[in-house]
Amino acid sequence: MSQRPVPERVEEMLLGGTRRHTRAEVVERSGVLNLGVEGMMIMGAACGFAGAWLTGSTLIGALCGIAAGAALSAVFALFTLGLAVNQVAAGLALTILGIGLSGLVGAGFVGEKITPAPNLDIPILTGLPFIGRILFGQDLLVYFSVGLVAAIWWFLYRTRAGLVLRAIGDNHTSAHALGYPVLKIRTLAVLFGGACAGLGGAFLPLAYTPFFIPGMTAGRGWIALALVVFASWRPGRLVIGAYLFGAVTILQLHAQGWGVGVPSQFMSALPYLATVIVLVLISRARSGGSTAPAALGTVFVPDR
């Protein structure tokens, strides 16, 4: 089965990476730690492919992926925010649940193939040497993800609602005392995050490869969580980390094609290793104390 040309793989990490990372940025800024990203992503991939294969529409497939991610995140919100269950345990359980359900949903679609999301073809610009296909020849989901990053940054740092969300993540008790609906805002953040993770997972079979295989997210949900921490919860650094991951992914693909005498297992692990090492160095180089939301992972039970 054919896959996208190698130069376009950089952009996979912008959507499948940046979208996941902004998801975690919003959720964790509200004070909620959701370790179920991998489960929501693989469910988004399975449901997204199923929706696209059954209807012949990548748009409907994307919506199915969004719905699947949001549905799983709603389960997480019910237990962690409604019943005050430990967030770490609930997130790990959500990952296991998502992986299991995705195998069930996608079992009948393994081996099937769909027409991937079409790429743009802008006269002159798309034909530019080297950068033309990369910058002006991607599918609409990629460009949507770029706008999403800018919108998330603007929301968090330039709006009153974003300030409230960050305040809740830093001190939910004080925010509650001021009259802000802590649990409602956190629930909305979790649902938004689940929708983004589901769409990031759906991108894989809808645009990156035109087929579904179990476990195709390959740990990208976990690298997203690591990037959020090491990037100090800043959207700009998340984008750098996503592109770094994509660039090293391409490097290892080229290295295998050139016949470099390095074990393939090491080359496959190289994108994850390089991304974590670089962001750890960035994290250690920053000045000041921890930039993590002070109430991250702390259960909140309102007194009334």
Side-chain angles (χ1 to χ4, degrees), residues 16-47 65-105 152 165-166 168-170 172 182-202 204 214-233 238 241 272 275-276 279 290-301:
T18 307
R19 189 173 299 281
R20 296 189 307 270
H21 307 332
T22 52
R23 176 222 73 84
E25 170 80 15
V26 173
V27 176
E28 294 189 13
R29 278 291 184 182
S30 72
V32 178
L33 178 62
N34 186 353
L35 300 182
V37 183
E38 184 78 4
M40 293 184 290
M41 280 191 64
I42 192 61
M43 271 300 291
C47 294
I66 291 173
L72 274 187
S73 67
V75 174
F76 176 83
L78 173 64
F79 282 97
T80 59
L81 302 179
L83 302 178
V85 173
N86 181 275
Q87 294 178 8
V88 173
L92 294 175
L94 191 68
T95 291
I96 297 172
L97 175 64
I99 292 173
L101 286 179
S102 69
L104 179 63
V105 171
I152 292 295
L165 183 139
R166 289 187 290 124
I168 288 174
D170 284 329
H172 49 221
V182 173
L183 294 182
K184 178 181 178 180
I185 292 175
R186 284 184 170 176
T187 298
L188 292 175
V190 169
L191 292 176
F192 172 78
C196 288
L199 182 56
L204 296 175
M216 68 184 305
T217 50
R220 288 177 173 88
W222 297 111
I223 203 69
L225 291 167
L227 287 175
V228 169
V229 175
F230 295 132
S232 306
W233 289 266
L238 296 181
Y272 303 89
T275 302
V276 171
L279 288 174
S290 174
T291 58
L296 181 62
T298 305
V299 174
F300 172 73
V301 179

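- Note that CG of Leu97 and CD1 of Ile42 are 13.0 Å apart. Values are rounded to the nearest 0.5 Å.
- A distance of 11.0 Å separates CG of Asp170 from OG of Ser30, quoted to the nearest 0.5 Å.
- The shortest heavy-atom contact between Pro293 and Gly169 is CB-O, 3.5 Å.
- For the atom pair CG (Leu35) and CG (Leu94), the distance works out to 9.5 Å, reported to the nearest 0.5 Å.
- The residue from Thr217, Asn34, Leu199, Thr95 that alone fulfils the side chain to side chain contact (heavy atoms under 4.5 Å, CB included) condition with Met40 is Asn34.
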Validation: residues 187-197 side-chain donor-acceptor distances under 3.5 Å, sequence neighbours left out:
unit_1: Thr187; atom_1: OG1; unit_2: Leu183; atom_2: O; d: 2.7

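- For CZ of Phe79, the number of neighbouring non-hydrogen atoms (other residues, nucleotides, ligands) closer than 6.0 Å is 12 at most.
- Scanning both residues, Leu33 and Gly297, for their nearest heavy atoms gives CB-CA, 4.1 Å.
- Across Arg220 and Met216, no two heavy atoms sit closer than the pair NH1-O, 3.2 Å.
- Note: Ser102 OG to Glu38 CD = 9.5 Å, rounded to the nearest 0.5 Å.
- Of the options Val299, Val301, Thr298, Ile185, a side chain to side chain contact (heavy atoms under 4.5 Å, CB included) to His172 is made by Thr298 and by none of the others.
- Residues Val32 and Phe76 meet the side-chain proximity criterion, which asks for heavy atoms closer than 4.5 Å.
- Between Leu72 and Gly39, the shortest heavy-atom distance links the atoms CD1-O, 3.7 Å.
- Taking each heavy atom of Ser73 and Ala70 in turn, the nearest pair found is OG-O, 2.7 Å.
- Every residue two or more places apart in sequence or in another chain was checked for a side chain to side chain donor-acceptor pair (under 3.5 Å) with Thr80, and none qualifies.
- To the nearest 0.5 Å, the span separating CD on Gln87 from CG on Leu81 amounts to 7.0 Å.
- Between the CG atom of Leu101 and the CD1 atom of Ile96 there is a distance of 12.0 Å, given to the nearest 0.5 Å.
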